[in-house]
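To find a chain, count down the sequence lines: A is the first, B the second, and so on, and within it residues start at 1.
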There are 2 protein chains.
Amino acid sequence: MSDKQQNAISPRREEDFPEWYQQIIKAADLAENSEVRGCMVIKPWGYALWERMQAVLDRMFKDTGHKNAYFPLFIPLSYLEKEAAHVEGFAKECAVVTHHRLEMQDGKLVPAGPLSEPLVVRPTSETIIGAAYARWVKSWRDLPILLNQWANVVRWEMRPRLFLRTAEFLWQEGHTAHETREEAEVETMKMLRVYETFARDFLALPVFCGEKSETERFPGALRTYCIEAMVQDRKAIQAGTSHFLGQNFSKAAGIQFQGRDGAVEHAWTTSWGVSTRLIGTLIMAHSDDDGLVLPPRIAPTHVVILPITPKEDSKAAVLEAAEALAKALRAVSFFGSPVEVEVDGRDLGGGVKSWEWIKKGVPVRIEIGPRDLAQGTAAVSRRDRGHKEKEFLPTAEIPSKIAGVLAEMQEGLLARASAFRDANLMQVDSKEEFYAFFTPKNANKPEIHGGFALTHWSGSAAVEEQIKNDLKVTIRCIPLEDAPEAGVCPFSGEPSRQRVVWAKSY
Amino acid sequence: MSDKQQNAISPRREEDFPEWYQQIIKAADLAENSEVRGCMVIKPWGYALWERMQAVLDRMFKDTGHKNAYFPLFIPLSYLEKEAAHVEGFAKECAVVTHHRLEMQDGKLVPAGPLSEPLVVRPTSETIIGAAYARWVKSWRDLPILLNQWANVVRWEMRPRLFLRTAEFLWQEGHTAHETREEAEVETMKMLRVYETFARDFLALPVFCGEKSETERFPGALRTYCIEAMVQDRKAIQAGTSHFLGQNFSKAAGIQFQGRDGAVEHAWTTSWGVSTRLIGTLIMAHSDDDGLVLPPRIAPTHVVILPITPKEDSKAAVLEAAEALAKALRAVSFFGSPVEVEVDGRDLGGGVKSWEWIKKGVPVRIEIGPRDLAQGTAAVSRRDRGHKEKEFLPTAEIPSKIAGVLAEMQEGLLARASAFRDANLMQVDSKEEFYAFFTPKNANKPEIHGGFALTHWSGSAAVEEQIKNDLKVTIRCIPLEDAPEAGVCPFSGEPSRQRVVWAKSY
């Protein structure tokens with residue numbers, strides 16, 4: 001790849017967004033498909049991103065009183081069956097374990113040792129965690145239980161797509177049990193707000209916080225809340241969910257306790273989760289035609305230093321200066337942690353190396369060569385600016401400036417994403433306008449449409465179905481608003497309590 | 001549980017070691033069996049221990065140049081078949097996925113959507129990671145690949161036991177590929193030494209580092225190295241392994257590269273792992289008849305402060321003093337990280353609370369009550385001393401002393417474990433002496449025997465088999481020694497290059 005080329009990624013976003021997405025993942029070396037259908041290999045740079053997300057979220061969960069635990073991968077069929085809506089929701093996409101060994105038969109390895117009861121690889125863990133809580137809870141004094149689990153889950157996706165929909169994915173699932181309905185409702189909203197904060201402050205993503213309509217509710221939940229982000233093709237991605245499960249799962253699993261008044265009651269439960277889908281969201285939201293763009297607060301590496309060593313006689317001095325700068329930068333704090341610096345001393349052409357880090361989305365690149373050394377400067381490039389832009393700064397000043405630069409980039413990415421979303425968000429009050437909004441202007445680019453439409457809606461599932469069939473557009477959420485304004489549903493003419501968010505989605 | 005009782009755990013170690021082990025896990029609230037055969041629930045305190053182990057090991061792996069990645073949970077049958085010894089080793093204990101959905105038939109949920117090729121839930125990942133490396137490696141410039149994965153694995157254990165043998169367990173598996181045999185051999189030994197260091201410096205466990213005999217080798221490896229710890233019933237636990245895989249797996253998976261001379265070669269690979277078995281090892285090595293005993297460097301909480309608030313009027317002042325002490329202690333560094341402190345302000349009797357933390361193994365307990373407040377003192381109890389021992393110290397002095405106390409406990413536990421091992425380790429030079437060493441002195445306590453025996457051994461598998469059949473004793477390892485002393489095998493009379501370690505084992 002040459003230094004002179006226009007852009008690193010082909011096709012560009014506007015040419016073919018879905019293919020651009022695949023190419024970003026490849027160029028940034030984040031993940032790839034394995035030969036096991038729908039199961040991805042998360043490569044080191046992609047996994048480093050996930051580790052960073054995990055570290056931040058884990059801190060946020062612990063700060064809100066949660067602890068981690070671990071529950072079995074396998075769920076007995078009989079557990080799933082206990083909650084009718086739940087089994088209905090997941091039965092179509094379960095990996096089922098039926099045997100516990102392999103045997104050679106006629107020179108061929110075949111499953112043997114059939115299980116008396118098949119086991120399902122967890123698609124989510126409400127039922128198996130519910131069974132544990134039923135063992136643990138006897139009295140109101142045993143509540144609340146506030147646990148989280150970091151785990152892999154499996155849902156047999158028919159149309160897998162790296163990070164967005166994969167048969168196996170990594171996630172966290174919080175599962176809490178409470179004495180009262182109110183406490184469980186507070187928990188549900190608290191964790192939704194944790195996700196909102198994480199998306200905004202770390203992923204630099206403005207999100208809509210709201211409730212799902214009944215159609216899109218988690219199987220078995222009383223209410224499902226979500227955060228919905230807009231990505232660069234104006235579609236929505238559900239980036240996290242928080243479910244108020246009422247007493248459905250506690251009745252199914254038998255989570256009962258003796259209350260303060262001595263009567264036996266069922267616990268109120270919640271569950272909430274985010275997954276490696278966040279990586280897909282991040283990619284689609286911020287990346288450009290040169291590759292991934294990482295918000296500094298979620299980047300595994302903030303700064304990469306690229307020593308340029310064309311001549312053998314100055315090589316040692318350049319490398320030494322690079323290491324000294326790295327050391328000085330690592331002593332700087334960015335939001336309470338050291339600036340993460342990598343020195344890429346590989347014997348490769350400077351252009352090749354630089355492009356690699358552009359594609360990986362590292363926020364700041366610093367080149368130091370023999371001439372810079374003589375002048376006491378270094379060339380600083382920011383990932384949120386064009387790939388040709390460089391600023392020559394006195395090397396000694398870089399450490400004192402770096403935290404400010406990173407913070408500015410973080411804010412800038414959020415501002416850009418917010419402006420983009422607001423520009424593609426419209427209040428719509430007639431059916432015609434709505435259909436026009438979601439109809440591609442250009443038949444060759446069927447993916448380009450209006451964005452998010454806010455309309456009144458009376459609560460009718462028939463309206464949802466009609467619009468989904470006509471336009472592949474769904475209600476992403478009913479936004480949480482302090483003082484919603486009533487109106488009339490433009491589709492049914494029925495009265496509506498507030499506007500809802502409609503969009504095409506991943 | 002009363003303050004006056006003798007011991008918290010019944011039975012005591014010397015009465016019934018296996019049952020004592022189960023009771024420790026229960027008393028410390030570390031884990032429990034689920035209704036899914038062989039699969040455990042790791043409870044918050046057990047998982048906190050695992051998180052601490054993960055954090056330390058992860059740092060050690062990264063410091064030795066490794067990165068994390070993630071590979072699929074499912075392995076196609078055809079992958080396993082490629083390495084003959086490997087499939088032979090794991091076929092008897094594999095969870096096999098044969099269907100990808102569930103269907104209602106006659107009111108009963110049954111597996112549906114049969115897979116064209118069954119998938120095995122990974123028992124270990126050499127084959128699926130090998131397939132990825134085969135895609136990634138083209139030239140010697142692509143090597144080495146130094147990756148690690150934190151994951152769950154499944155081996156269908158017929159006699160499961162919490163932490164030691166479970167159908168599903170958590171572990172890390174390092175997988176590396178190298179250009180030369182020598183480089184892979186260096187890696188194998190490097191990671192063995194990382195495990196040895198971790199066991200000694202964090203778990204306070206002296207271990208034998210050595211090679212496994214062919215009988216005990218990892219299926220498909222050229223050489224398997226291990227660390228072997230002695231626990232309090234004098235049995236051995238294999239706590240970690242590092243395998244030199246030669247070119248076996250790279251030939252099976254096709255990890256080929258163009259070498260420096262242009263010729264196509266197969267890579268040399270290694271793998272190495274430790275698992276939640278380490279928690280079982282830790283429990284068996286250090287716990288006493290009052291519960292778990294945690295070496296401070298691996299304890300999730302170093303100090304628990306127990307405010308004693310018998311009277312309402314002094315309660316606020318006592319709680320305030322407890323929080324102030326906690327703050328002062330958290331400002332202290334223990335091996336580079338803050339001292340971890342918990343204030344247990346629950347409204348429970350002081351005795352009940354104190355016993356809970358004794359059983360959980362927290363290194364230091366500090367009680368503060370109204371009288372202490374008046375005198376400016378607090379009662380400090382160390383978990384490595386008897387549960388009745390308390391030292392009254394001026395509260396103001398505790399922060400300056402705490403790191404020293406923790407370090408002393410860490411050293412003390414290692415010294416105690418080392419002395420115990422050395423006391424139960426014997427050089428044996430005759431068959432009679434060997435059989436006597438491993439024969440229980442008391443028929444009522446069949447588990448009590450000599451410990452570790454060091455004998456010469458000629459390399460004969462027949463000798464191993466005979467001894468295993470007679471005594472259930474196996475070679476734990478052939479220790480790594482700089483200058484082994486030659487001798488004669490007492491069983492076969494054949495010449496021997498060095499002594500090997502024999503023991504009963506978990």
Portion of [X] that has a non-hydrogen atom of chain B nearer than 4.5 angstrom:
{"X": "Trp50(A)", "result": "neither"}
{"X": "Glu117(A)", "result": "neither"}
{"X": "Val41(A)", "result": "both"}
{"X": "Ile129(A)", "result": "neither"}
{"X": "Leu73(A)", "result": "both"}
{"X": "Asn148(A)", "result": "neither"}
{"X": "Pro118(A)", "result": "side chain"}
{"X": "Tyr79(A)", "result": "side chain"}
{"X": "Met104(A)", "result": "neither"}
{"X": "Arg37(A)", "result": "neither"}

Output yes when a side-chain donor or acceptor of [X] lies under 3.5 Å from a complementary backbone atom of [Y], and no otherwise.
{"X": "His66(B)", "Y": "Phe61(B)", "result": "yes"}
{"X": "Arg330(B)", "Y": "Val341(B)", "result": "yes"}
{"X": "Arg122(A)", "Y": "Phe74(A)", "result": "no"}
{"X": "Thr166(A)", "Y": "Leu162(A)", "result": "no"}
{"X": "Lys82(A)", "Y": "Thr127(A)", "result": "no"}
{"X": "Asp142(A)", "Y": "Lys138(A)", "result": "yes"}
{"X": "His175(B)", "Y": "Ser271(B)", "result": "no"}

With the threshold set at 4.0 Å, does a side-chain nitrogen-carboxylate oxygen contact exist between [X] and [Y]?
{"X": "Arg52(A)", "Y": "Glu340(A)", "answer": "no"}
{"X": "Glu342(B)", "Y": "Lys360(B)", "answer": "no"}
{"X": "Arg165(B)", "Y": "Glu93(B)", "answer": "no"}

Between [options], which residue shows the highest count of heavy-atom pairs closer than 4.5 Å to chain A?
{"options": "Thr98(B), Val110(B), Leu115(B), Val87(B)", "answer": "Thr98(B)"}
{"options": "Trp45(B), Trp150(B), Trp156(B), Tyr70(B)", "answer": "Tyr70(B)"}
{"options": "Cys39(B), Ala48(B), Pro72(B)", "answer": "Pro72(B)"}
{"options": "Ile75(B), Leu80(B), Leu170(B)", "answer": "Leu170(B)"}
{"options": "Glu51(B), Lys67(B), Glu103(B), Lys92(B)", "answer": "Glu51(B)"}

Residue part contacting chain A, namely of Leu147(B), when any heavy atom lies under 4.5 Å:
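For Leu147(B), side-chain heavy atoms alone lie under 4.5 Å from chain A.
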Query - Segment of Asp58(B) engaging chain A (4.5 angstrom heavy-atom cut-off) - result: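 Answer is side chain: those atoms of Asp58(B) sit under 4.5 Å from chain A.
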*asked:* More than 12 heavy atoms of other residues, nucleotides or ligands under 6.0 Å from CG of Asp63(A): yes or no?
replied: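 Yes, CG of Asp63(A) has more than 12 neighbouring heavy atoms, counting only those of other groups under 6.0 Å.
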Any idea which of Gln149(A), Arg101(A), His100(A) has the most non-hydrogen atom pairs under 4.5 angstrom with chain B?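 Between Gln149(A), Arg101(A), His100(A), the count favours His100(A).
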